[in-house]
Amino acid sequence: MLKTLRPWRLASHILKGCAAPARRVSDSFKTFGGENPLAGSEGAPKKFTNPFAQSSPAMSDGHAETKEDREKRRKVLQLEADIAHQEGRRVPALDFFEDHHWDHVLSLPSKSARIKYYAFLWQINMKKLADQRKKAERAEDTERRIAELRKEREENTHIIYGLAHTSMFLRIYDTTINHWQNNRLTRAMQFAPKMVLDCSYDTHMNNREASYAAKQLMLCFAENRLNDEPFDLHYCNALMEGRCMQSLKRYIPTMLNPEFPMNVHTQCFTEIFDKQSLVYLTPHCREDLVTYNPDDIYIVGAMVDTMNNEPLSLAKAKRLGLRMARLPLDRYLQWGSGSGKSLTLNQMINIMLDLKNTGNWDSALRHVPRRKVVDMDSQRRREDSRKALGTRARKLNVRIDHLLDFEERRHATAFAAPPQALRQRKEGMEFQLDTWAAGKKKKKREN
């Protein structure tokens with residue numbers, strides 16, 4: 001137990017030592033009989049606040065944290081993580097951590113938050129190691145299978161037809177499909193209609209929403225590339241140092257290469273395209289998008305607003321003086337109770353792709369999740385069954401009421417009627433055993 005507590009005490013002493021230099025300076029002034037010139041005019045000792053327990057890094061004297069202090073605090077936290085990893089806790093090794101991981105660790109307000117984040121990274125590391133182990137096992141199985149096939153081919157001198165043998169079809173690799181899809185995007189840059197994804201909402205999202213937005217932007221690129229007639233997508237107002245673009249760069253590492261068919265701009269879309277042809281799609285306006293116009297350039301705000309439901313896209317469109325429109329969702333869909341009307345970015349791209357290719361809103365809005373809308377056919381069947389059940393219940397109630405009324409009338413009649421006289425024994429009706437049996441025998445003889 002003492003061996004377990006000793007490293008944690010060492011780390012806690014190091015964490016407390018970050019604020020010790022200021023105390024030592026004040027104590028040295030008191031030792032030499034002088035006053036501390038850094039203490040101010042009042043001379044009262046300031047209350048020490050732990051800089052690691054604050055949400056925003058700041059020094060105890062109120063000034064912003066310097067680069068040296070931040071680096072020192074990072075080394076201390078690295079020591080803390082290394083000690084926890086050596087003790088067998090749910091903390092990954094130091095070689096797993098990257099710069100963005102340490103930036104998030106430095107912004108955490110408490111030690112419990114750091115422990116939870118370490119456990120989250122540990123789960124990711126374990127999953128990564130498991131995937132690597134499975135990949136190595138699959139590679140060994142593949143090598144063994146290939147060795148067996150080669151041995152079988154050496155023993156068999158005849159031609160073998162079938163999969164992985166002599167065939168009339170050429171094998172198409174994934175890289176070939178990837179190049180072909182990229183070539184389709186290159187052709188779309190020349191001839192296809194353009195569409196803009198506004199990436200200027202990074203400051204209005206937290207870390208989780210920014211990561212969700214980056215994943216949806218990656219899905220927008222992938223699903224647009226899979227379409228037969230894709231859009232010419234433009235990612236405008238991209239802040240390369242922001243959280244969303246950094247996460248998107250991890251999803252698509254080659255996004256900034258000049259030969260990669262992806263348009264990423266740091267400028268605003270009003271500086272790239274004609275302002276008269278821009279239409280901002282926002283759910284907060286009152287005008288519905290009736291038909292698709294190939295001459296217009298539609299803009300979709302790349303924002304995940306799970307917490308912030310302010311009309312930011314409407315305000316931006318009004319500030320820039322752009323035309324606005326919304327999807328006619330209420331006109332073609334029956335929304336379920338308790339379901340939100342928000343759509344993801346990739347769903348918006350799929351809806352606009354189908355609208356461009358077909359011009360039919362019914363086929364375009366099939367990309368809306370079925371859990372959010374009410375199926376009209378199933379709703380009609382439920383209403384019919386409810387009506388039939390109500391009709392049967394009403395008939396049953398009528399029958400029961402009739403029976404109940406009859407019973408009530410019978411009981412009321414019996415209660416109001418005069419009481420009947422009891423049966424009394426009559427004279428001459430004594431039971432005679434001798435004649436009773438003889439009479440039956442006579443009847444049988446006559447028959």
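The model shown is predicted, which means the values in this text are computed figures rather than measured ones.
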Asks: Applying side chain to side chain donor-acceptor pair (under 3.5 Å), run through S363 and R366 and close with a yes or a no.
Replies: CA-CA 6 Å; S363 62; R366 63 185 174 87; 5.7 Å; no

Asks: Within a reach of under 6.0 Å around CD of Q190, are more than 12 heavy atoms found that belong to other residues, nucleotides or ligands?
Replies: yes

Asks: Minimum heavy-atom separation for A81 to V91, with atom names?
Replies: O-CG1, 3.6 Å

Asks: Could you measure the distance from the CD1 atom of I299 to the CG atom of L281? Nearest 0.5 Å is fine.
Replies: 8.0 Å

Asks: Testing the basics here: between L314 and T282, what is the closest heavy-atom pair and its distance to 0.1 Å?
Replies: N-OG1, 3.8 Å

Asks: To the nearest 0.5 angstrom, please state how far the CD atom of E155 sits from the CD atom of E152.
Replies: 7.5 Å

Asks: Run the salt-bridge test on E287 and R323 with the 4.0 Å N-O cut-off and return the result as yes or no.
Replies: no

Asks: Should the pair K356 and F231 be classed as cation-pi, given the thresholds of under 6.0 Å to the six-membered ring centre and 45° from the axis?
Replies: yes

Asks: Does atom CD1 of I172 have more than 12 heavy-atom neighbours, drawn from other residues, nucleotides or ligands, at distances under 6.0 Å?
Replies: no

Asks: So, taking the atom named CG in N207 and the one named NE2 in H100, what distance separates them when rounded to the nearest 0.5 Å?
Replies: 11.0 Å

Asks: Go through the steps for R187 and N182 under the test side chain to side chain donor-acceptor pair (under 3.5 Å), then give the verdict.
Replies: CA-CA 9 Å; R187 187 177 67 251; N182 290 342; over 6 Å; no

Asks: Quick check: do F120 and I115 have side-chain heavy atoms less than 4.5 Å from each other?
Replies: no

Asks: Determine whether a donor-acceptor pair (N or O, by modelled atom type, separation under 3.5 Å) exists between the side chain of N125 and the backbone of L121.
Replies: no

Asks: Taking side chain to side chain contact (heavy atoms under 4.5 Å, CB included) as the criterion, tell me which of D198, V196, I297, V300 meets it with Y280.
Replies: D198

Asks: Would you check if the side chain of N227 reaches a backbone N or O of E229 as a donor-acceptor pair within less than 3.5 Å?
Replies: yes

Asks: Of the non-hydrogen atoms in C244 and D202, which two are nearest, and what is the gap between them?
Replies: N-OD2, 3.5 Å

Asks: Quick one: CG on L233 to CZ on R225, what's the gap to the nearest 0.5 Å?
Replies: 12.0 Å

Asks: Could you check whether K316 makes a cation-pi contact with Y201, meaning its NZ or CZ is under 6.0 Å from the centre of the six-membered ring and within 45° of the ring axis?
Replies: yes

Asks: Please report the C-alpha distance between N360 and D354 in whole Å, then the side-chain angles of each, then the deciding distance to 0.1 Å, and finally whether the side-chain contact (heavy atoms from CB on, under 4.5 Å) criterion is met.
Replies: CA-CA 8 Å; N360 187 6; D354 283 3; over 6 Å; no

Asks: Does the plane of the ring in H101 sit parallel, tilted or perpendicular to the ring in F97? Use 30° and 60° as the thresholds.
Replies: perpendicular

Asks: Hey, are the side chains of R184 and D228 touching, using non-hydrogen atoms and a 4.5 Å cut-off?
Replies: yes

Asks: Give me the atom names and distance for the closest heavy-atom approach of L108 to A113.
Replies: CD1-O, 3.6 Å

Asks: Pair D69, T66 - check side chain to side chain donor-acceptor pair (under 3.5 Å), show working.
Replies: CA-CA 5 Å; D69 298 332; T66 61; 2.8 Å; yes

Asks: Decide if atom CG of D174 counts as having more than 12 heavy atoms of other residues, nucleotides or ligands within a radius under 6.0 Å.
Replies: no

Asks: Just how far is it from atom CD1 of I252 to atom OG1 of T254, taken to the nearest 0.5 Å?
Replies: 7.5 Å

Asks: Return yes when atom CZ of R208 has more than 12 non-hydrogen atoms of other residues, nucleotides or ligands closer than 6.0 Å, and no otherwise.
Replies: no

Asks: Within a strict 4.5 Å, meaning less than it, do heavy atoms of the N206 and Y212 side chains meet?
Replies: no

Asks: Using a strict 4.0 Å threshold on nitrogen-to-oxygen distance, state whether R74 and D99 make a salt bridge.
Replies: yes

Asks: Step through the shown structure and confirm whether more than 12 heavy atoms of other residues, nucleotides or ligands are within 6.0 Å of CD on E148.
Replies: yes

Asks: For the residue pair H85 and L94, establish whether any side-chain heavy-atom pair is separated by less than 4.5 Å.
Replies: no

Asks: Do M303 and L345 touch side chain to side chain, with heavy atoms closer than 4.5 Å?
Replies: no

Asks: Between R144 and D141, is there a side-chain N and carboxylate O pair less than 4.0 Å apart?
Replies: yes

Asks: Check whether W102 reaches the backbone of L77 with its side chain - one donor and one acceptor, N or O, closer than 3.5 Å.
Replies: no

Asks: Heavy-atom distance under 4.5 Å between the side chains of T266 and N237, does that happen here?
Replies: no

Asks: Do R90 and Y118 make a side-chain contact, defined as non-hydrogen atoms from C-beta onward lying under 4.5 Å apart?
Replies: no

Asks: With a 4.5 Å heavy-atom cut-off, do D82 and Q78 have their side chains touching?
Replies: no

Asks: Restricting to non-hydrogen atoms, name the atom on A302 and the atom on M205 that form the minimum distance, rounded to 0.1 Å.
Replies: O-CE, 4.2 Å

Asks: Given C199 and L239, is the side-chain contact (heavy atoms from CB on, under 4.5 Å) satisfied, shown in steps?
Replies: CA-CA 8 Å; C199 305; L239 183 60; over 6 Å; no

Asks: Specify the closest pair of heavy atoms between G321 and K275, including all atoms of both residues, with the distance to one decimal.
Replies: O-CE, 4.1 Å

Asks: Is there a ring pair (Phe, Tyr, Trp, His ring centres under 6.0 Å) between H265 and Y235? Walk through the geometry before answering.
Replies: CA-CA 6 Å; H265 310 284; Y235 296 78; 9.1 Å; no

Asks: Taking it one step at a time, do R243 and Q246 satisfy side-chain contact (heavy atoms from CB on, under 4.5 Å)?
Replies: CA-CA 5 Å; R243 295 165 296 182; Q246 291 294 326; 5.8 Å; no

Asks: Show your working on ring pair (Phe, Tyr, Trp, His ring centres under 6.0 Å) between F260 and F221 and close with a plain yes or no.
Replies: CA-CA 12 Å; F260 192 74; F221 175 80; 5.4 Å; yes

Asks: Kindly say whether the aromatic ring centers of Y292 and Y298 come within a distance under 6.0 Å.
Replies: yes

Asks: Could you state the interatomic distance from NE2 (H367) to CG (L355), rounded to the nearest 0.5 Å?
Replies: 10.5 Å

Asks: Before you tell me yes or no, could you show the steps for E80 and R114 under side-chain contact (heavy atoms from CB on, under 4.5 Å), namely the whole-Å CA-CA distance, both residues' side-chain angles and the distance that decides it to 0.1 Å?
Replies: CA-CA 10 Å; E80 179 189 34; R114 292 198 299 270; 3.2 Å; yes

Asks: Apply side chain to side chain donor-acceptor pair (under 3.5 Å) to residues T344 and Q216 and explain how you reach the verdict.
Replies: CA-CA 7 Å; T344 59; Q216 292 179 17; 5.0 Å; no

